[in-house]
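Only one structure is covered here, and it is reproduced in the block below.
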Amino acid sequence: MTLTIYNTLTRDKKPFEPIAAGTVRMYCCGVTVYDYCHLGHARSYIVWDTVRRYLQWRGYQVQYVQNFTDIDDKIIRRSQEEGLPWQEITRKYIDAYQEDMGRLNILPADAYPKATDVMPQIIELIKTLIDQGYAYPVDGDVYYAVERFPAYGKLSGRKLEQMEAGASERLETEAVAKKRHPLDFALWKAAKPGEPEWDSPWGKGRPGWHIECSAMVREWLGDRIDIHSGGEDLVFPHHENEIAQSEAALSQPLANVWMHNGFVKIRGDKMSKSLKNFTTIRSLLETTDPMVVRLFVLQAHYRSPIDFTEDAIAAAENGWNTLKEALKYRVNFEQLPGWPEIDTLEQASVDRFNAAMDDDFNTPIAMAVLFELAKDLRRAGNVLVHTGQSDLSVEQLQQKWQTLLRLSQVLGLEISSLSEPELTDASTNGNIMAGLSDAEIEALIQQRQEARKAKNFAEGDRIRNELQAQGITLIDQPGGETRWHRH
RNA sequence: GGCGGCAUAGCCAAGUGGUAAGGCAGGGGUCUGCAAAACCCUCAUCCCCAGUUCGAAUCUGGGUGCCGCCUCCA
């Protein structure tokens, strides 16, 4: 089986071949840190985290770098509004980012470079572009000359003339006057009074948005990388401009594969900062299990748009419960005599999972494999709880469970405290009511049986409710026997 | 105006020529004093029209509708 990936640049799926066998160098465009992250960010980084996890699962060593844009107009504005130094703004939102992503079980990147960390490299790159005739300084600004780069537009599939015609009414006349071509973009912006500034050969100022990524990719991963990823909205102009900068300066492709994730929509519209219709990750996580968010995201293909609705989240919630139950049923299985400590997986499921993921990371199909395993396990687990025996062999159960656990991890779907004591023994969970011993429970059940025998169902139900409140579920079985289990 | 994407059951979502995965919700049933849990069964011909083909959700042409990008944005 070969992993195939859709490449925005070529607009088709092709077998993936890393530049260096066995290693994948991947750069993901991060956030501008001036506000809390919203669900759109959550989707994007869940997707790239899953891509990264799958590449690792397939045996690649992945170098994953993601930047923070920590200097730009919005940060400056925010800093002025709040009367705080820009460094405090960015630190606050970088911390918030890390916290949010951690809760979503997104693995930390190998490096999180910041734009302000690579100022010398940025200046060096701009110099190179000027020397080679791709850029020109004007009044302390430096612009990239798009007409000098014939391939400009190749990523987003447009031609300069089309864009110029379409955008002409929107371009700021002030900036246009300085530019040789209306679509030339800033590599360096002269600082206005009071703004953060860095020294440069063109005067004090700060980098434009796109140049930082060109500099950071090169600094951390090299002149040419395997995968460059980001949201669909970065295709133009951000990634187009990165290509123009890096490829003009270094005379080779910046990235072999360009990947872009689809948007999160809310009530049919794109969720975005500018539309102010976003739900922040942290507010969503107040009421929603992070794994539910993850499942919601992965139930759609990463390139399709997804619509965020109450119903969709509720459905994902129920779906996660199904998986969670199955993952937790180990607790029951482990009571089986001969629960083997084996580490083999159910190959048929693994094969189907891999085939799905190899096809441009088709997580909806991969999820279907998980659900089928989970339903098998849940059924077997419940039969076990209810009857004391299983219709599957212990080895089969173990293998299915192991497979589900392992494949779920590849998608980042995990019960964080799976190995914690609370799951292996609810009675030690510090719950006062859980202090009931098995014998006490048995005694109460006995009392209930007496009551039921005497048709005193009110009393019987009272005992059952009382036990239920303490986390103990009773199952009346045909034949009169009552089984129970903690949960 | 230019470029691009999408349209599959109540909802979400796979499927790109061989007779519709999976999830959620729903209906019916088994079990029960009633429950709970579980189990079993059940629930679509794929936006419309016209073609190509032995055969199309899948290809072609034409419609209709929705969305995105072209401006900061994951």
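Reminder, nothing fancy here: chain letters follow the sequence lines and each chain counts from 1.
Rounded to whole Å, the C1' atom of B:A14 lies 28 Å from the corresponding atom of B:C54. Taking the P atoms as reference points, B:A21 lies 23 Å from B:G27, given to the whole Å. Only the C1' atoms considered, B:A74 is 32 Å distant from B:U64, to the nearest whole Å. Rounded to whole Å, the separation between the C1' atoms of B:G1 and B:C11 comes to 37 Å. Rounded to whole Å, the P atom of B:G17 lies 12 Å from the corresponding atom of B:U60. Rounded to a whole angstrom, the distance from the C1' atom of B:C41 to that of B:C49 is 39 Å. Atom C1' of B:A38 sits at a distance of 9 Å from the matching atom of B:C31, rounded to the whole Å. For the C1' atom pair drawn from B:C48 and B:C39, the interatomic distance equals 43 Å after rounding to whole Å.
At the heavy-atom level, A:Ala312 lies nowhere under 4.0 Å from the strands shown. Residue contacts for A:Arg43: at a heavy-atom cut-off of 4.0 Å it reaches no nucleic acid atom on any strand shown. Among the protein residues, A:Asn362 comes within range of the sugar-phosphate backbone only, with heavy atoms under 4.0 Å from sugar or phosphate atoms but none that close to a base.
Using a 4.5 Å cut-off on side-chain heavy atoms (C-beta onward), A:Asp358 and A:Thr2 make no contact.
Under the Watson-Crick or G-U wobble criterion, with both distances below 3.5 Å, B:G55 has no partner in any strand shown.
A distance cut-off of 5.5 Å between ring centres, combined with a plane angle under 30°, leaves A:Phe371 outside any stacking arrangement with the base of B:G22.
Projected onto RNA chain B by closest heavy-atom contact, A:Arg378 and A:Tyr45 fall at different nucleotides, the more 5' of which corresponds to A:Arg378.
Salt-bridge check for A:Arg53 with A:Asp49: passed, with a basic side-chain N closer than 4.0 Å to an acidic carboxylate O.
Remark: A:Trp86 CH2 is packed, more than 12 non-hydrogen atoms of other residues, nucleotides or ligands lying under 6.0 Å away.
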